[in-house]
Amino acid sequence: MPRGWALPLALAALSGIGLGANPPPGLAEGLGLALLVALALRWRGAVAGVLVVAWMASAVLILQGGQLPSGLGGVDLMLEGRLESVVERGRVTRLGVSVERCQPLHSHRLPCRRLNRVRLNAYAPPPMMAGERWRFTVRLRPPGGLANPGAFDYRAWLWREGIQATGYVRQSPAPQRLAAATADPRQMALTLLDHQELPSRAGRWLAALTLGASERLSDGDWALLNASGTTHLMVISGLHVSLVAGVVLLLGRGVARLLTPGRWRLAVWPWWLAALGASGYALLAGLEPPALRALVMALVGLWVASGRHAPGPWQGWWLALAVVLLLDPLGAWRPGLWLSFAAVAMLILLWQGRPRPRGVRGWLWGLVRTQLMLAPAMAGAVLLAFDRLAPAAPLVNLIAVPLISSLLVPLGLLGWLLAPLPGVMAACWWLFARLTDGLARLLEAMVAWLPLWYPEPGQTLPVALSLLVLAMLWGVPGLDRRLRIVATLLLGLVPLLWQAPRLPPGEVEVRVHDVGQGLLVELRTRDYRLLYDTGPRFASGFTPLETLWPGAQAFDMVILSHDDNDHVGGVATLHALHDVERYLGPPAALPGEWVEPCQAGRQWRRDDVDFRLLWPPASARGLADNERSCVLEVTAGDHRLLLSGDLGREYELRLLNQVSGPVSVLLAGHHGSATSSGTALVNALVPLHLVYSVGRHNPFGHPAPEVVRRFRRAGACQWSTGLDGALTFRLGGRELVGPSAARAGIRPGVDCGQLALESP
């Protein structure tokens, strides 16, 4: 490879990915013109760069174009494909399917032949195994997910995993197996592992460490690894692939020294043998993106270390990045890729120009020094990527890194190599299980002492930048020690001095969370926090509420409007994970718990913000469930908010004796259903902003077209959580602030000074 090409190659790949993700007008024409100019001037480097940019842009555009068309959402499709993964989660089996054939059951529908990969939920399916070919009747929807600030972005995860649609398997007609699984060494190994008498956790960790089967790790495993900052050690990473390559290289060079004592240092074949060993290990792990990334980095690292016509460390770094992106364009959206390359860059920075350690003591000190200097850099990077920080990570990794790399991984792999000798294999894995149990206990103890920290939103950036600057201060050679010490002390004050701004008295922040087809509204004043409803609970048992806040939260009051699942489905999760001082609502919403009745006339004041219940009256006991919805009015200065649950049009009229317009923010009754938001209410309240809390592509057609038109005529600016994600308003100041939408940039709201379009 010509010198100096690695950096331009990586930049060309990144540029192509960026252009493909956000294609400007005339992209193809512009690239074609650039190519013609480069050819005319005979700039070979420019020609290669333009071709790389075009290749990467087209790859991303093809992936985007393969997503399920909206017109096929919710219709029956016949799908044939091979199962990539089969994961049981309670009542639901989650299937990853590589699509081989797809067609609508009705010929007048749009084609779906461009689908390559989908994710399905199957309820009580027949026995299935990864590698089998199946035919399903499915209902799909375009990739999407809930969008809430600071929460897991499921839509982004689907994109970077290359999943072009999600949905579920129809039970009628029943799924049909077309072909058994072909011979797959990884699946055979997992089957063998399932028949071993190992503790459950040891079996899961062995599968993840040696076979890359991270899908076998439980939610508890992930929580422990995240809290201790050791997630990178429990999946196939550069550390594990490099370890295999290093062991094979040492063995190969040892054999070469025996065979050719005078020329063993010049032998090339041990390096090739190490590359083959690393490749075989990555292939055994399924060559998923993390394993592929680790393999490329290990192979380039071997080339750099060999010194034979090899690039320098930084050239190798850029080359590895370019190759990874060329093989996996979606890797640019994977946080793990950037964390891995950031760690390697920091290692190069720490060791470049420094002498190699000598002796056992020197290597031990080198390991400790590297870990202590690497820890703040990786903590800052993780904080920026995931909004969390594991204080236990620096201390834990000092023990976990050598334990896993020197004992657990070698023992696990040795067990696989000695599988023909069941007794020896069992002995290796028995010791692996004992060490795993000890490591897990250590992680649990450290996490109990130094739990995972989730900073306030305003603290994330300054703390992360402080950690990164701290790492650079101690990692860059040549700086004066006194400067390093003084700067470290000053940086240590940042988390203490930087406090998130608090709401002033008289103001309230209102966030209508995106929980799909349901409702959950969070209200905050300076020192008071209230929830209105808790969102739905889905058939799989998943509740969106569990993804909204990290750690245990404290709520002064939770109002449950009525007893429908889409409003109170998250109560059990809320009660289990968080602390609630008081509940208001129907007693049936919390079996076995005391809930104060929600009744009209109750009012209270917190931080100069007034709260008042307008419905139901004491005489509402005989009414239907929806008609007994708790209606809450919040007044902050000149601004008012009204939340009416699922109250119907007949009983909305009775509210008009207690409330009149205009209101600043109105939550559309019953998710915008035609049974609510009658003409009298709309004309009386004249809302400035209207919010529909609905699921995207919901089967009920909410909001109803007549309701949308009714609010349009009233001049309301209309928003939808299904389209905009969570919406945040701030009431009580001189002007109403917001809304800010979690899906920024998609649209500016309907009738907010923009052209409004109606859907049939």
Side-chain angles (χ1 to χ4, degrees), residues 68 72-106 109 112-145 154 157-158 161-198 200 203-204 206-208 211-219 221 285-286 288 537-543 697 699:
L68 183 78
L72 289 180
V75 303
D76 287 341
L77 306 174
M78 187 282 294
L79 186 146
E80 293 180 5
R82 187 172 300 278
L83 300 183
E84 295 180 341
S85 61
V86 180
V87 180
E88 295 185 7
R89 288 286 188 266
R91 297 172 50 199
V92 179
T93 300
R94 291 177 180 159
L95 308 174
V97 183
S98 176
V99 180
E100 298 172 353
R101 183 182 171 212
C102 178
Q103 68 180 43
L105 294 186
H106 302 289
R109 293 285 184 181
C112 57
R113 56 180 174 268
R114 297 172 69 181
L115 278 181
N116 292 318
R117 199 175 186 205
V118 300
R119 192 173 195 238
L120 302 173
N121 285 344
Y123 298 87
M128 295 180 176
M129 182 181 298
E132 296 176 336
R133 291 183 63 249
W134 282 79
R135 177 183 294 133
F136 305 104
T137 299
V138 300
R139 284 191 177 175
L140 302 177
R141 56 181 175 270
Y154 182 58
W157 181 85
L158 292 173
E161 293 299 316
I163 297 172
Q164 298 165 317
T166 61
Y168 65 94
V169 177
R170 302 272 283 167
Q171 294 183 335
S172 179
Q176 179 183 355
R177 183 187 285 107
L178 301 179
T182 56
D184 180 2
R186 182 172 183 263
Q187 190 58 46
M188 293 169 61
L190 289 172
T191 303
L192 174 64
L193 181 58
D194 290 337
H195 289 86
Q196 304 303 308
E197 294 183 0
L198 281 172
S200 177
R204 297 194 304 269
L206 179 60
L211 300 175
S214 57
E215 69 277 2
R216 293 205 166 195
L217 296 176
S218 67
D219 293 341
D221 291 332
E288 292 294 321
R537 181 183 182 88
F538 298 141
S540 63
F542 170 72
T543 56
H697 308 298

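Side chains are part of it too, since the values below use all heavy atoms of this structure and drop only hydrogens, waters and symmetry mates. Sequence positions, counted from 1, serve as the residue numbers for this chain.
- Applying the side-chain hydrogen bond (donor to acceptor under 3.5 Å, both in side chains) rule to pairs touching residues 91-100 yields Glu100-Arg133, sequence neighbours excluded.
- When side chains are defined from C-beta on, Pro125 does not count as touching Val169, because their heavy atoms never get closer than 4.5 Å.
- Side-chain atoms of Arg177 come within 3.5 Å of backbone N or O of Pro127 as a donor-acceptor pair.
- Pairs of residues two or more places apart, or lying in two chains, that qualify as salt bridge (Lys or Arg N to Asp or Glu O under 4.0 Å) and include a residue from residues 115-126 are Glu84-Arg117.
- Leu68 has its side chain out of reach of Val118: every pair of non-hydrogen atoms, C-beta onward, lies at least 4.5 Å apart.
- A donor atom on one side chain and an acceptor atom on the other are not found under 3.5 Å apart for Thr191 and Asp194.
- Within the 3.5 Å criterion, the main-chain N or O of Gly131 finds a donor-acceptor partner in the side chain of Arg82.
- Using a 4.5 Å cut-off on side-chain heavy atoms (C-beta onward), Thr166 and Tyr154 make contact.
- In this structure, Leu95 and Ala122 approach most closely via the heavy-atom pair CD1-CB, 4.1 Å.
- Around the CD atom of Gln103, the shell of radius 6.0 Å holds more than 12 heavy atoms that belong to other residues, nucleotides or ligands.
- Note: Leu72 CG to Cys112 SG = 6.0 Å, rounded to the nearest 0.5 Å.
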Atom pairs and distances, donor-acceptor, side-chain atoms in residues 136-143, under 3.5 Å, two or more places apart:
{"from": "Arg139", "atom 1": "NE", "to": "Asp76", "atom 2": "OD1", "distance (Å)": "2.7"}

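- From Arg170, atom CZ reaches atom CE of Met78 across 15.5 Å, with rounding to the nearest 0.5 Å.
- Rounded to the nearest 0.5 angstrom, Leu192 CG and Leu211 CG are separated by 10.0 Å.
- Between Arg216 and Leu190, some side-chain heavy-atom pair lies under the 4.5 Å cut-off.
- Residue Glu80 holds its CD atom at 13.0 Å from CH2 of Trp134, rounded to the nearest 0.5 Å.
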